[in-house]
Amino acid sequence: MSAATARIRTAALGFAAAGTAAGLATRLFGGRPSQCDSGSFSKSEFRAFRVSSVRQVNHDTKILRCALPSEQHVMGMTVSSLVMVKGGAGGEEGKPPPARPYTPITTDDQRGYFELMVKGYPSGVVSKHLCSLKAGDMVEVKGPFEKLPYKANMKKRIGMVAGGSGITPMLQVLKEALRNPLDETHFTLIFGNQTPSDILLRQEIQELAATSQGRLRVVFIVDKNPSGDSGVQHVGYLTADVAKAELPPPSPDTLVYVCGPPGMMKAVSGAKGKPPAQGDLQGILKDLGYTQDMVFKF
Ligand SMILES: Cc1cc2nc3c(=O)[nH]c(=O)nc-3n(C[C@H](O)[C@H](O)[C@H](O)COP(=O)(O)OP(=O)(O)OC[C@H]3O[C@@H](n4cnc5c(N)ncnc54)[C@H](O)[C@@H]3O)c2cc1C
């Protein structure tokens, strides 16, 4: 039995055990989606979804799990996509609340709910509102809006450089790619945070790597390591030397995703342009010989 066949069989057993054999057949081999597969969001209007649970991830970040219309519904989202979320004080009187983009960390593989991981900024209008929500509250969402479509095997190697809550689009792609036994792309995730205790979803990410059959390698990098955490590979800001040692080398078969706070983006890949523009490639990746078409800034 080939490695790919073994992976299909393992995945098939897992899916069947979860009672979703019909969904597996549709997903792996094509077929007509059910009505619930057509999606729960609208691109033209905000729709309200009930928050079913809230999980504190670290001191300033929460995961909101939001219920879809039924347990069979999916978001109806291609990977990778974002949604617009509305909420908070609208500023001037009579003005609607503002909306900001967020990246669901679940995919259409999850039925019945979707999850948003939100970092709350003390002076941030929408993020503060979202982080104040409790189970039973409603969240208003519009979308999904596609960023860069992910296709199985579109590249041999994908590098990911994420800072803090910039992990969200990487999680979306990794969940989609690693669940597919026919996808052979290898991923290296460099995930930067301030300290080891700030590392978002550390255990989940390690589990993704452990069950990836060698397709995902994770490198944690922190600004400071006061606890001497031995699970962290690098201390200090990402340098060209570290990026060169850890990322797949520049090649037409390589893509590097970058997502993080503006300072990190500037240093690693150059600032992001106004969407949909990417902005010129600069910084560490340019210095290492990557070209514009080898890098995508979320
Ligand atoms: C494509 C895309 C996807 C995104 N996905 C996610 C996601 O999945 N999860 C998530 O938490 N966020 C995500 N964001 C960021 C999100 O859209 C908001 O920008 C963020 O939540 C702040 O919005 P706000 O209304 O709370 O702050 P605003 O009211 O817009 O800003 C108020 C103040 O908050 C602070 N602030 C806001 N943003 C930042 C920042 N990036 N770095 C430092 N300080 C800041 C500043 O002090 C600022 O003056 C994404 C952004 C983009 C462009």
Side-chain angles (χ1 to χ4, degrees), residues 41 43 46 49 51 54-66 75 77-92 95-107 110 113-133 137 139-150 160-176 189 191-194 198-201 204-205 223 237 257-279 295-298:
F41 298 144
K43 284 185 175 46
F46 282 92
F49 298 87
V51 176
V54 179
R55 177 178 151 204
Q56 188 86 41
V57 184
N58 73 6
H59 63 281
D60 61 8
T61 302
K62 292 184 177 179
I63 292 180
L64 305 182
R65 179 174 287 194
C66 307
M75 285 184 283
M77 184 190 81
T78 54
V79 172
S80 59
S81 293
L82 59 84
V83 293
M84 297 301 294
V85 184
K86 187 164 80 164
E92 288 166 44
K95 274 209 158 188
R100 306 272 187 262
Y102 291 88
T103 315
I105 57 169
T106 45
T107 66
Q110 275 79 45
Y113 68 90
F114 65 97
E115 288 182 339
L116 301 174
M117 182 158 73
V118 182
K119 173 173 177 164
Y121 294 98
S123 54
V125 179
V126 179
S127 65
K128 201 164 77 174
H129 165 74
L130 292 176
C131 286
S132 74
L133 295 179
D137 291 339
V139 61
E140 291 195 73
V141 178
K142 183 165 94 169
F145 301 102
E146 199 169 72
K147 294 286 282 182
L148 181 69
Y150 177 79
M160 300 175 150
V161 183
S165 56
I167 191 69
T168 54
M170 314 303 180
L171 284 174
Q172 207 187 82
V173 171
L174 287 172
K175 285 180 181 176
E176 177 75 2
L189 166 65
F191 187 21
N193 287 272
Q194 289 181 354
D198 294 313
I199 299 175
L200 298 168
L201 298 181
E204 283 90 334
I205 291 168
D223 301 352
Y237 288 153
Y257 294 140
V258 190
C259 188
M264 189 207 93
M265 298 292 291
K266 194 167 168 223
V268 174
S269 57
K272 209 169 72 166
K274 192 169 159 37
Q278 279 279 291
V295 176
F296 184 79
K297 306 174 196 175
F298 276 100

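This is a predicted model, so every value here is computed, not measured. Read the numbers this way: they start at 1 and go in the same order the structure lists the ligands and their atoms.
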Sub-3.5 Å N/O-N/O distance, V125 and ligand 1: yes
Short N or O distance, S127 and ligand 1, threshold 3.5 Å exclusive: yes
Atom 27 (O) of ligand 1: the protein heavy-atom neighbour that sits closest, reported with distance to 0.1 Å: G124 CA, 3.3 Å
Numbering as shown, the atoms of ligand 1 that approach K272 to under 4.0 Å (heavy-atom distance): 53 (C)
Closest protein heavy atom (residue, atom, distance) for atom 39 (C) of ligand 1: Y121 CZ, 3.4 Å
Per-residue contact class, Q172 against ligand 1 - non-hydrogen pairs under 4.0 Å: neither
The single option from L201, L200, I167, L174 passing side chain to side chain contact (heavy atoms under 4.5 Å, CB included) against I105: L201
Donor-acceptor under 3.5 Å (K297 side chain, S269 main chain): yes
K175 side-chain N/O to T106 backbone N/O, donor-acceptor pair under 3.5 Å: no
K119 neighbourhood, listing ligand 1 atoms whose heavy-atom distance to it stays under 4.0 Å: 11 (O)
Polar proximity ligand 1 side, P261 side, N/O cut 3.5 Å exclusive: no
Protein contact of atom 9 (N) of ligand 1 - nearest heavy atom, named by residue and atom, plus distance: M117 O, 2.8 Å
Exam field: side chain K272 to backbone F298, donor-acceptor pair closer than 3.5 Å: yes
Polar side-chain atom of D137 near backbone of V51 as donor-acceptor pair, under 3.5 Å: no
More than 12 heavy atoms of other groups within 6.0 Å of K266 NZ: no
Closest to atom 3 (C) of ligand 1 (judged by heavy-atom distance), picking from I167, T103, V118, L200: T103
CA sep, side-chain torsions, deciding dist, call: L148, V173, side chain to side chain contact (heavy atoms under 4.5 Å, CB included): CA-CA 10 Å; L148 181 69; V173 171; over 6 Å; no
Expected output: side-chain K142 to main-chain V83 donor-acceptor under 3.5 Å: no
Inter-residue atom distance T107.OG1 - E115.CD, 0.5 Å rounding: 11.0 Å
Option set S165, P101, G88, criterion heavy-atom distance to atom 13 (C) of ligand 1, minimum: P101
Structural part of S123 in contact with ligand 1, heavy atom criterion under 4.0 angstrom: both
Spacing of OG1 belonging to T78 relative to NZ belonging to K147, to within rounding of 0.5 Å: 12.5 Å
Heavy-atom proximity to atom 1 (C) of ligand 1, best of V85, L116, T61, L82: L82
Ligand 1 versus V126: contacting region, heavy-atom distance under 4.0 Å: both
Sub-4.5 Å side-chain heavy-atom contact between C131 and Y121: no
Exercise check, heavy-atom protein proximity under 4.0 Å to atom 24 (P) of ligand 1: yes
Validation row: L130, R100 side chains within 4.5 angstrom (heavy atoms): no
Ligand 1 contact on Y102 by region, counting heavy-atom pairs under 4.0 Å: both
Test of proximity, T168 against ligand 1: N or O pairs below 3.5 Å: yes
Residue-ligand contact H129/ligand 1, heavy atom below 4.0 Å: no
Heavy-atom nearest option to atom 19 (O) of ligand 1, drawn from M265, M84, R100: R100
